[in-house]
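Let me give you the structure first, and then I'll get to my questions.
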Amino acid sequence: MRTDVVVFDIDDTLYLERDYVASGFAAVEAELGIPGFAAAAWNGFLEGRRGTIFDDALAELGVRADVGRLVRAYRDHRPRIELLQDALNAFEELRDLDVDVAFLTDGPRASQSAKVRALDLAAYGSPIVITDELGPGFGKPDPRGFQRIADRTGAQTFAYVADNPSKDFAGPKSLGWSTIRVRRPGGLHHRDASGPDVDVTLTDLTGLTAARAACSA
């Protein structure tokens, strides 16, 4: 039976989400044949636009297209993303310490499943919980996705490693888990302040072992 499990978020924890965004914009341009779309959407992303980014890019280019089709192409594309080296090092270190790894992530089922495959996360741990697959209301900060991992592993101690202080840590903290925030430069939530439900903050996963020790001290 597992006794110790570290559960990881995916976006901006194991890779930079901006890389997925750029990959998605390029895929939309290629699939729908809209020259200049990727650059226009990327500029909008850098300016902080979010909900209207596709509409704004199309308007800038003077192109009419079905935005719903663009969204589907973005979410369904095969992302060109890779695990960061510090994430790979952390997985190896945890394996050497006989600590098991699992994953829990929010987001649309199609896009998060594609990320799981692109990063080959099944090779590093299980279970892999995509909260959108569990049904409405299971997204963070709801603790039920975390409880699903606890029930499936039967472990005694858990730590959740993630990046977004607005939603990532309240759920696991309510279950008595340790919480470790990765505040990566370039991450979408890098500038957001941590709340009291964050035990330890890191700039990357290099110090994960020491952080786990600090949580249990």
Side-chain angles (χ1 to χ4, degrees), residues 1-17 19-20 23 75 78-79 81-135 138-165 167-184 187-189 197-200 202 204-206 208-209 211-212 215:
M1 177 181 293
R2 301 178 179 189
T3 60
D4 196 3
V5 178
V6 175
V7 183
F8 290 91
D9 180 37
I10 297 178
D11 302 314
D12 277 337
T13 301
L14 302 176
Y15 82 102
L16 282 174
E17 187 170 1
D19 292 342
Y20 174 83
S23 172
R75 290 180 176 176
R78 180 179 295 178
I81 55 176
E82 296 180 352
L83 289 167
L84 292 166
Q85 187 59 50
D86 60 277
L88 288 166
N89 293 344
F91 292 157
E92 183 176 353
E93 190 172 305
L94 291 170
R95 184 192 64 214
D96 291 344
L97 294 171
D98 200 27
V99 175
D100 287 301
V101 167
F103 304 95
L104 184 144
T105 182
D106 276 351
R109 177 186 308 183
S111 59
Q112 297 310 103
S113 296
K115 293 172 189 176
V116 167
R117 291 190 297 270
L119 299 173
D120 195 22
L121 294 186
Y124 300 99
S126 67
I128 300 172
V129 172
I130 298 172
T131 59
D132 190 42
E133 295 180 341
L134 304 179
F138 276 83
K140 294 179 285 189
D142 191 278
R144 288 176 292 178
F146 298 96
Q147 187 62 56
R148 178 74 59 94
I149 291 177
D151 293 341
R152 288 182 60 180
T153 61
Q156 297 176 355
T157 61
F158 296 87
Y160 188 53
V161 185
D163 72 295
N164 186 350
K167 67 172 186 174
D168 282 346
F169 303 107
K173 180 56 69 175
S174 72
L175 299 177
W177 293 21
S178 299
T179 53
I180 300 171
R181 180 185 179 189
V182 181
R183 198 170 189 175
R184 292 187 182 280
L188 300 189
H189 304 286
D197 50 10
V198 174
D199 293 326
V200 179
L202 306 172
D204 61 31
L205 293 171
T206 302
L208 183 59
T209 297
R212 291 179 60 245
C215 290

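Being a predicted model, the structure only gives us computed values, none of them experimental.
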### Task
Could you tell me the separation between the CZ atom of Arg117 and the CD1 atom of Ile128, rounded to the nearest 0.5 Å?
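Between Arg117 CZ and Ile128 CD1, I get 11.0 Å after rounding to 0.5 Å.
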### Message
When you measure from the side chain of Asp86 to the backbone of Leu205, do you find a donor-acceptor pair of N or O atoms at a distance under 3.5 Å?
### Response
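Yes: the side chain of Asp86 pairs with the backbone of Leu205.
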### Task
Please name the pair of heavy atoms, one in Tyr160 and one in Pro172, separated by the smallest distance, quoted to 0.1 Å.
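So the two residues come closest at CD2-CG, 3.8 Å.
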### Task
Locate the shortest heavy-atom distance separating Ile10 from Leu119; write the atom from each residue and the value.
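Minimum heavy-atom contact is CG2-CD1, 3.8 Å.
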### Pairwise salt bridge (Lys or Arg N to Asp or Glu O under 4.0 Å) hits with a residue in residues 142-162, at least two apart
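Of all non-adjacent pairs touching residues 142-162, those that pass salt bridge (Lys or Arg N to Asp or Glu O under 4.0 Å) are Asp142-Arg144.
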#### Entry: 4.5 Å side-chain heavy-atom contact, Val129 and Phe146
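A side-chain contact under 4.5 Å is absent here.
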### Task
To the nearest 0.5 Å, tell me how far Arg183 CZ sits from Asp204 CG.
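Here the interatomic distance stands at 14.0 Å.
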### Message
To the closest 0.5 Å, what do you measure between CG (Leu121) and OG (Ser126)?
### Response
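Rounded to the nearest 0.5 Å, the CG-OG separation comes to 11.0 Å.
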### Query
So, does Ser113 use its side chain to make a donor-acceptor pair with the main chain of Ala110 at under 3.5 Å?
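Side chain of Ser113 to backbone of Ala110: no pair is present.
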### Task
Heavy atoms only: give me the nearest Lys140-Asp106 pair and the separation to one decimal.
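In this case the closest contact between Lys140 and Asp106 is N-OD2, 3.0 Å.
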### Query
If we only count heavy atoms from C-beta on, is the Lys115 to Asp11 side-chain gap below 4.5 Å?
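SC-SC contact between Lys115 and Asp11 confirmed.
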### Query
From Ile130 CD1 over to Thr105 OG1, what is the distance, rounded to the nearest 0.5 angstrom?
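Output value for this atom pair is 7.0 Å.
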### Task
Answer yes or no: is there a side-chain heavy-atom contact under 4.5 Å between Leu94 and Arg212?
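Of all side-chain heavy-atom pairs linking Arg212 with Leu94, at least one is under 4.5 Å.
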### Message
Please find the pair of heavy atoms, one from Asp9 and one from Ala162, that lie closest to each other, and give the distance.
### Response
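Taking Asp9 first and Ala162 second, the nearest heavy atoms are CB-CB, 3.5 Å.
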### Query
Do the ring planes of Phe103 and Phe8 sit parallel (below 30°), tilted (30 to 60°) or perpendicular (above 60°)?
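Aromatic pair Phe103/Phe8 classed tilted.
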### Message
Treating Asp12 as the side-chain partner and Glu17 as the backbone partner, does any N or O pair qualify as donor plus acceptor under 3.5 Å?
### Response
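Present.
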### Query
Which atoms form the tightest heavy-atom contact between Ser23 and Arg78, and what is the distance?
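So the two residues come closest at OG-O, 4.2 Å.
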### Query
Do Phe158 and Leu175 come close enough that some side-chain heavy atom pair is under 4.5 Å?
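With C-beta onward as the side chain, the pair stays apart.
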### Message
Strictly distance-based, threshold 3.5 Å: is any side-chain N or O of Asp163 a donor or acceptor partner for the main-chain N or O of Val182?
### Response
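The answer is no, because no donor-acceptor pair under 3.5 Å joins these two groups.
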### Asn164 side, atom CG; Leu188 side, atom CG - distance, nearest 0.5 Å
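Going from the CG atom of Asn164 to the CG atom of Leu188 covers 9.0 Å.
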### Task
Drop me the distance from Asp197's CG to Lys167's NZ, to the nearest 0.5 angstrom.
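That separation rounds to 13.5 Å.
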### Query
For Gln112 and Asp132, what are the C-alpha separation, side-chain angles and deciding distance, and is it a side chain to side chain contact (heavy atoms under 4.5 Å, CB included)?
CA-CA 9 Å; Gln112 297 310 103; Asp132 190 42; over 6 Å; no
### Query
Taking all non-hydrogen atoms of both residues, which atom of Asp199 and which atom of Cys215 are closest, and how far apart?
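For Asp199 versus Cys215, the nearest heavy atoms are CB-SG, 3.7 Å.
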### Query
Do Ile149 and Leu104 come within less than 4.5 Å of each other through their side chains, counting heavy atoms only?
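The answer is yes; the side chains approach within 4.5 Å.
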### Message
Salt bridge check, Arg181 against Asp168: does any charged N sit closer than 4.0 Å to a carboxylate O?
### Response
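Salt bridge: no.
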